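First the structure, in the form of structure tokens, and then the observations on it.
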Amino acid sequence: MDEAYDPQAVEKKWQARWRDEGTYNVDNDDPRPSFYVLSMYPYPSGPAHMGHVRNYTFGDLIVRHRTMQGHAVLSPFGFDSFGLPAENAAIKTGVHPRVFTEQRIEELKSSVQAIGAVYDWRREVRSHEPSYIKWNQYIFLRMLEAGLAYRRNAPVNWCPGCQTVLANEQVLADGTCERSGDVVFKRDLEQWFFKITDYADELLADLDGLEWPERVKTMQRNWIGRSEGAEFDLAVDGDPDTKVKVFTTRPDTSFGMTYAVLAPEHPLVPALTTPDRQAEVAAFVERVGKESEIERMSSEGALEKRGVFTGSHVVNPFNGKPVPVYLADYVLMGYGTGAIMAVPAEDQRDWDFATAYGLPIVRTVQPPEGWEGEAYTGDGPKINSEWLDGITDVPTAKAQAIEWLEQQGIGEGRVNYRLRDWLVSRQRFWGCPIPVVYCPDHGIVPVPEDQLPVLAPDDVEFRPTGESPLKFHEGFLHTTCPVCGGPAVRESDTMDTFVDSSWYFFRYCDPWNEDAPFDQAAAAKWMPVDQYIGGIEHAILHLLYARFYTKALADLGVGPKDVREPFKRLFTQGMIRLGGAKMSKSKGNLVAPEEIFETQGADALRLAHLFVSPPGDDVDWEAFGIEGCFRFLKRVWRLSLGETVENPDVDKAAHALIVRVSDEFDRWSYNTAVASLMEFVNLLNKQGATAFAVDTLLLLLAPMTPHIAGELWERRHGTDIHKERWPEADPELAKPDSVTLVVQVNGKVRDRFEVPPDIGADDAERLALSSARVQEHLGGNEPRKVIVRPPNLVNVVA
RNA sequence: GCCCGAGUGGCGCAACCGGCUGACGCGGCGGACUCAAAAUCCGUUGUCCGCAAGGACAUGUGGGUUCGAAUCCCACCUCGGGCACCA
């Protein structure tokens, strides 16, 4: 009994057992009801940090809890093992990215196991392995075949110092290259895209059915950015065959159009520029072309410098009046039609521009009485709008304007999205090669399926040029055309690593499959993921791409037809800070989980993560009550191995505890669940521990602190607690014998009574009025009113 | 600027449906054990007044609804996050 709690010994023993026994392996024909729990697969960056620990603690708790509840729980793990850091390391040290990456994987894997988190390791997936690359490429080709993957010329970030394209993430906030410090500018290049915009509407609509945090759904809605409006033609004044197409969300305001604006890159700019405006327009277009995205998007800067008059006019089809055509840097070629009608009275930005350039302002919506603002964007009756006048609300006017455009045959109702197609090609080595070749005679030719995977060669040289070594590897580059057998060139770009992470959760269902990315029936058994867990930083990119992929796979016949959303429930955990700052390697303020494993142990650390705050909140490491949790576990240890007593009151409390903690687990209220267990241990220390109480305590602790729970249960019973069922309370015993009746006078607590839970209203009132303290506060007067809420409260109103 | 979210002891937080504010833990204070320390255990701990019994005041600020508000409504302040020329 005097043996002290030794977390290191206990944790090592149980981790080895789970690994060797495969306790949490689960087969695809498991008859129990299935449940899929998944933590986002990590980029392997070395040993786990506190963020990982937090993530995997919640995931593991759910895996173990659901298993105890009788589910077959799929809990796989893998690695997002392609990516830039490994390539940068290769350039610096000459070590091949694979060697570098696999070392990091082993480090991360071993510290994930040291947390005590359990997975079916037979299903491990690593995105850099040929078996994954093959099916990643296969899906790409299916996308290509279906027209969902395409190649086109697009403006991308170009760094002149590195002589290469950069990902958006590599461009710093000030518009410079993170590596060379050069100013990045836009350059047109042939790139591969996925047609995610085909799914814009479905991606938006299906958000409604997901049990995700509202803010993540809102972020996705904003990102997709659906707007309804109309598209119509403006004929050029004096040249009616040339038309400028504009998009607007407010066709009802068209009578108030006093000018039109084109993006500087708009193809009609040369045709619309009159000879006398030539020099000024050319200078403006050149200047905007040289501006970084940051400068251009900045709302600072004098409006007078942000536009230029072309010299031409277009005709407003609504009233036949000509209006001047300007160029402005704030009109973007990539959205809508790259041209707008400007209605300064109902759009603040147009108002500002019109004011700066002395252009007229005509209101078409009557602002409310006392309106003192400038542009009015609210609802109201139409004015100055001929046949729209008299309509009292904007939506009706909008619909009529669209109807008119369609009747006239010059425009139509139209929906636009902010969402752009997904640029997936990267000029990098350490990624999944794009499996196509370019033939002089046959153009883009997919690599035949039986030649997959296309693997990058190992004998490459990593040079600090910023360019992919694949581009210089003659043996890789030169191949033959699968169609004609003639000489052809391989694509040397690789895929964005977000492609890898867009379907790995399907592969986990059937990672052994050699004939397909995964078997449909296996995927249908587990998918969608019942509980997905990860960081909020993936709120848009990964989660949107994975949703797109799931829909596309279903439509391609690769995925199960009915699985159109990958993640039914999503939980995003908070960030870990230290002294207010975000915890990160670069800031050097990392607390290594190893330090805790070697002292208080993984169980104490897990418990501290659960206890410190509600799971979704950001937490500060300084707030962690790791000592208190360690102390608590030591008490549990002593209590469980000590003498037990008989005490029906304590057994009763244990039944109540089961009800309470089960409810707290269901509500993700893990911090209060820990508090409940601590309170219970305090009770056992005072009133003595019964055998049932200790067993209950250990069962409830098992998902949270699995090592110590396993050890103590084994010492008490010789069996494995992790094969036990989650306890169930006897509802009769869980009911309290008495409750506290609070007696208030005028809403202030003046007395308390212990009463039976089924006390009647009359008895409660009588008891309350019998209180000397209540009578004192009544001062001899009759109460004006008595509110009775048995069995908890009586409020006497004096 | 717009859209979310949050403000409760010295600190992390709890109070689930409008009904005992501060559970649980950290920290502090006092004590036991010890030559001493660590570990462990016990007590105490919102503020103010009072010897005490007790009382008053307390959930960012100001109003409101209600027998009763941390909780609901209105206005404002502060902090955190997201979006930000998207026509």
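Predicted model, so just to flag it, every value in this text is computed and none were measured. Every chain is numbered from 1, with letters handed out A, B, ... down the list of sequences.
OP1 or OP2 of B:G68 has not a single side-chain nitrogen or oxygen of A:Arg789 nearer than 4.0 Å. Note on A:Asn685: every side-chain N or O is 4.0 Å or more away from OP1 and OP2 of B:C41. When the side-chain nitrogen and oxygen atoms of A:Lys245 are compared with OP1 and OP2 of B:A87, none of them lie within a distance under 4.0 Å. Contact between the side-chain N/O atoms of A:Arg349 and the OP1/OP2 oxygens of B:A84 is not found at any separation under 4.0 Å. Neither OP1 nor OP2 of B:C83 sits under 4.0 Å from any side-chain N or O of A:Arg418. The side chain of A:Lys634 places an N or O atom within less than 4.0 Å of a non-bridging phosphate oxygen (OP1 or OP2) of B:U40. At least one side-chain nitrogen or oxygen of A:Arg773 sits closer than 4.0 Å to the OP1 or OP2 atom of B:G55. Within the 4.0 Å cut-off from OP1 or OP2 of B:A87, at least one side-chain nitrogen or oxygen of A:Ser227 is found. Remark: A:Arg635 is in phosphate contact with B:C41, judged by side-chain N or O atoms under 4.0 Å from OP1 or OP2.
At a threshold of 4.5 Å between non-hydrogen side-chain atoms, the residues A:Leu741 and A:Val739 do not count as touching. Between A:Arg54 and A:Val612 there is a side-chain heavy-atom pair separated by less than 4.5 Å.
Across all strands shown, A:Asn795 has heavy atoms under 4.0 Å from base atoms, whether or not it also approaches the sugar-phosphate. Residue A:Arg414 is classed as having no contact, given no heavy-atom separation below 4.0 Å to the nucleic acid. If you check every strand for non-hydrogen atoms under 4.0 Å, A:Arg221 touches nothing. Looking at heavy-atom distances under 4.0 Å, A:Arg226 makes no contact with the nucleic acid at all. Base contact: A:Ala675 has a heavy atom under 4.0 Å from a base atom. At a threshold of 4.0 angstrom between heavy atoms, the contacts of A:Val612 are confined to the sugar-phosphate backbone, with no base atom among them. Residue contacts for A:Arg631: at a heavy-atom cut-off of 4.0 Å it reaches the sugar-phosphate backbone alone, with no base atom in range. Residue A:Gln744 is classed as a base contact, given a heavy-atom separation below 4.0 Å to a base. Using a 4.0 Å heavy-atom cutoff across all strands shown, A:Asp663 reaches at least one base atom of the nucleic acid.
Remark: B:U65 base-pairs with no nucleotide in the shown strands. Criterion, Watson-Crick or G-U wobble with two distances under 3.5 Å. Pairing for B:C26 is with B:G10, a Watson-Crick or G-U wobble pair whose two hydrogen-bonding atom distances lie under 3.5 Å. For B:A56, the paired base is B:U47 (Watson-Crick or G-U wobble, both distances below 3.5 Å). When Watson-Crick and G-U wobble pairs are counted only if both distances are under 3.5 Å, B:C79 pairs with B:G5. Across every strand in view, B:A32 sits in a pair with B:U40 that passes the Watson-Crick or G-U test at under 3.5 angstrom.
For A:Arg215 against B:C4, no side-chain N or O and base N or O form a donor-acceptor pair under 3.5 Å.
Base orientation of B:G27: anti, since the glycosidic angle falls outside 90° of 0. Base orientation at B:C11 is anti, since its O4'-C1' glycosidic dihedral falls outside 90° of 0.
A straight line from CZ of A:Phe753 to C1' of B:C20 spans 14 Å, rounded to a whole angstrom. As a whole-Å value, the separation of A:Asp421 CG from B:C86 P is 21 Å. Taking atom CE of A:Met575 as the reference point, atom C1' of B:G81 lies 9 Å away to the nearest angstrom. The separation between A:Glu214 atom CD and B:G81 atom C1' is 15 Å, rounded to whole Å. Nucleotide B:G43 holds its C1' atom 14 Å from the CG atom of A:Asn682, rounded to whole Å. A:Leu262 has its CG atom 17 Å from the P atom of B:A87, to the nearest Å. Rounded to whole Å, atom C1' of B:C17 lies 14 Å from atom CG of A:Leu793. Distance A:Ile626 CD1 to B:G27 P: 13 Å, rounded to the nearest Å.
The aromatic rings of A:Phe232 and A:Phe318 lie perpendicular to each other, with more than 60° between the two planes, well past the 30° mark. Ring geometry, A:Trp668 versus A:Phe571: the interplanar angle falls from 30° to 60°, so the pair is classed tilted.
Of the charged side-chain nitrogens involved, at least one lies within less than 4.0 Å of a carboxylate oxygen, so that A:Asp763 and A:Arg766 count as a salt-bridged pair.
Going from the P atom of B:C48 to that of B:C4 covers 41 Å, rounded to whole Å. For B:C11 and B:G60, the P atoms lie 13 Å apart once the distance is rounded to whole Å.
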Steps toward ring pair (Phe, Tyr, Trp, His ring centres under 6.0 Å) verdict (A:Phe353, A:Trp351): CA-CA 5 Å; A:Phe353 192 88; A:Trp351 177 290; over 10 Å; no
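A distance-only check finds no donor-acceptor pair linking the side chain of A:Arg418 to the backbone of A:Ser227 [under 3.5 Å]. Judged purely by atom type and a 3.5 angstrom limit, A:Glu346 uses its side chain to pair as donor or acceptor with the backbone of A:Val365.
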